[in-house]
Amino acid sequence: MRRVRFHAYGGPEVLRVEEAEPPVAGPGELLVRTEAIGVTLPCVRRTHGDGNGGGDPLPAVPGGEIAGTVVAVGPEVTGFAVGDRVTSLTFKGSYAELALAPAFLADRIPDDASAVEAVALVRSGQVALAALSTAAPRDGESVLITGAASATGHLAVQLAKLQGVPRVVAAVSSAAKAEFLYGLGADEVVTYDQDSWGEPADIVLDGVGGELLPRALAAVTEGGRLIFFNSGGGTVPAYELLAGSKTVTGLTMRRFTTVHRERYEQHRAQLWELAGAGRLRVAVHAELPLEEAAKAHEIIEARANLGKVVLRP
């Protein structure tokens with residue numbers, strides 16, 4: 001089978017397509033022939049060695065989410081069979097024609113859904129809903145979303161409006177993304193380089209982090225809260241928390257899927273229902289062959305995407 005692997009940390013240039021033996025499904029695992037592979041900012045950052053945990057151990061196959069067809073079922077797995085179309089978080093090793101998926105995170109793809117739509121919902125939709133449910137917007141509260149044109153951000157904008165949030169502010173790197181976001185329901189669009197992001201928001205969902213984190217925290221109104229779900233790190237100015245009575249809550253899907261299993265399942269059903277009814281739009285910026293994984297990473301690093309970037313083996 002073909003896979004993409006990197007043997008040293010660095011930019012897109014470190015990614016190499018190579019031939020390898022197929023993995024074997026172990027206990028609790030499914031072996032999936034991939035149809036769509038999600039490309040995310042955390043995956044890109046880990047190839048630089050600056051992602052969660054400092055980067056993947058070398059050599060590594062990047063990736064964290066797939067959609068495809070089950071070709072083998074490991075021991076201790078029930079509820080799945082060869083031939084099932086599934087989508088799943090994988091957390092690693094998904095840039096390949098065949099990838100392993102934890103069965104407890106796998107979900108059957110509805111007959112009327114594409115693999116690309118499925119791979120977008122399995123992570124980006126789940127992250128967006130998890131961030132919103134963690135923030136728990138109350139009546140009349142406003143929400144500001146950084147990285148709003150990203151795979152997760154553009155779904156968070158829509159989901160916030162669907163939940164009745166009266167003011168959703170989309171924060172992005174370029175004004176060229178404004179039309180896209182207004183079309184998804186954003187009430188305001190601001191760019192990172194603006195002196196002001198307008199009136200502070202009750203809730204900020206930060207999917208960017210790094211140097212932007214202090215600005216994101218400053219955009220939280222007094223007594224408000226910031227949900228931090230990015231892999232970019234950053235430093236929180238403690239006095240800002242004290243003086244503004246603000247709170248910061250960290251969110252990772254690896255923990256959310258285990259600690260909040262019931263909510264994860266509820267969110268999965270909700271996302272399929274909304275997408276199936278046409279109320280939640282999955283925007284796909286690019287579908288690229290596996291051999292162009294480096295190009296996919298270049299798009300993400302340049303913050304050029306409007307929605308999801310997907311690899312197709």
Side-chain angles (χ1 to χ4, degrees), residues 28-30 32 34 36-47 50-56 60-67 86-95 99-107 109 117-136 145-148 150-160 203-210 213 225-234 248-272 274-275 280 282 300 307-310:
E29 292 181 325
L30 301 172
V32 178
T34 56
I37 302 162
V39 180
T40 66
L41 183 58
C43 291
V44 171
R45 283 175 166 160
R46 288 200 297 272
T47 65
D50 56 2
N52 294 329
D56 292 331
V61 177
E65 60 206 40
I66 58 171
V86 299
T87 185
S88 180
L89 294 174
T90 58
F91 298 117
K92 63 179 181 178
S94 63
Y95 285 24
L100 296 172
F104 83 97
L105 291 177
D107 186 25
I109 301 173
E117 182 180 39
V119 83
L121 291 177
V122 72
R123 178 189 179 276
S124 300
Q126 283 279 9
V127 172
L129 260 188
L132 281 166
S133 68
T134 300
I145 301 163
T146 67
S150 68
T152 297
H154 88 285
L155 295 177
V157 168
Q158 297 174 76
L159 289 165
I203 296 165
V204 171
L205 308 182
D206 181 27
V208 178
L213 179 57
R225 49 216 185 271
L226 182 147
I227 310 302
F228 184 81
F229 62 89
N230 69 79
S231 61
V248 176
T249 301
L251 170 70
T252 67
M253 288 310 296
R254 188 182 293 273
R255 177 173 171 78
F256 190 89
T257 56
T258 53
V259 176
H260 303 292
R261 183 67 193 167
E262 185 175 344
R263 281 168 62 191
Y264 181 80
E265 295 293 343
Q266 292 171 349
H267 290 174
R268 181 155 56 188
Q270 184 179 352
L271 288 165
W272 283 125
L274 290 171
L280 183 64
V282 175
I300 298 293
K308 194 72 176 174
V309 177
V310 176

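Judged by distance alone, the side chain of Q126 and the main-chain N or O of Y264 form a donor-acceptor pair under 3.5 Å. T87 contributes a side-chain N or O that, together with a main-chain N or O of I66, makes up a donor-acceptor pair within less than 3.5 Å. Not a single donor-acceptor pair under 3.5 Å links the side chain of T34 to the backbone N or O of I37. When atom types are taken as modelled, the side chain of R268 and the backbone of L105 share a donor-acceptor pair closer than 3.5 angstrom. No donor-acceptor pair closer than 3.5 Å links the side chain of H260 to the backbone N or O of F256. Checking side-chain atoms of R225 against main-chain N and O of A136 turns up a donor-acceptor pair under 3.5 Å.
Expressed to the nearest 0.5 Å, how far CD of E265 lies from NE2 of H267 amounts to 11.0 Å.
In summary, the side chains of D206 and T146 do present a donor paired with an acceptor at a separation below 3.5 Å, with no hydrogens or angles considered.
Residues passing the side chain to side chain donor-acceptor pair (under 3.5 Å) test with S133, sequence neighbours excluded: R263.
A pairwise comparison of heavy atoms in I203 and A135 identifies CG2-CB, 3.6 Å as the closest pair. Looking at every heavy atom in both residues, G125 comes nearest to L159 through O-CD1, 4.3 Å. In terms of heavy-atom proximity, S94 sits nearest to V61 at N-CG1, 4.2 Å. The heavy-atom pair separating K308 from T40 by the smallest distance is NZ-CG2, 3.9 Å.
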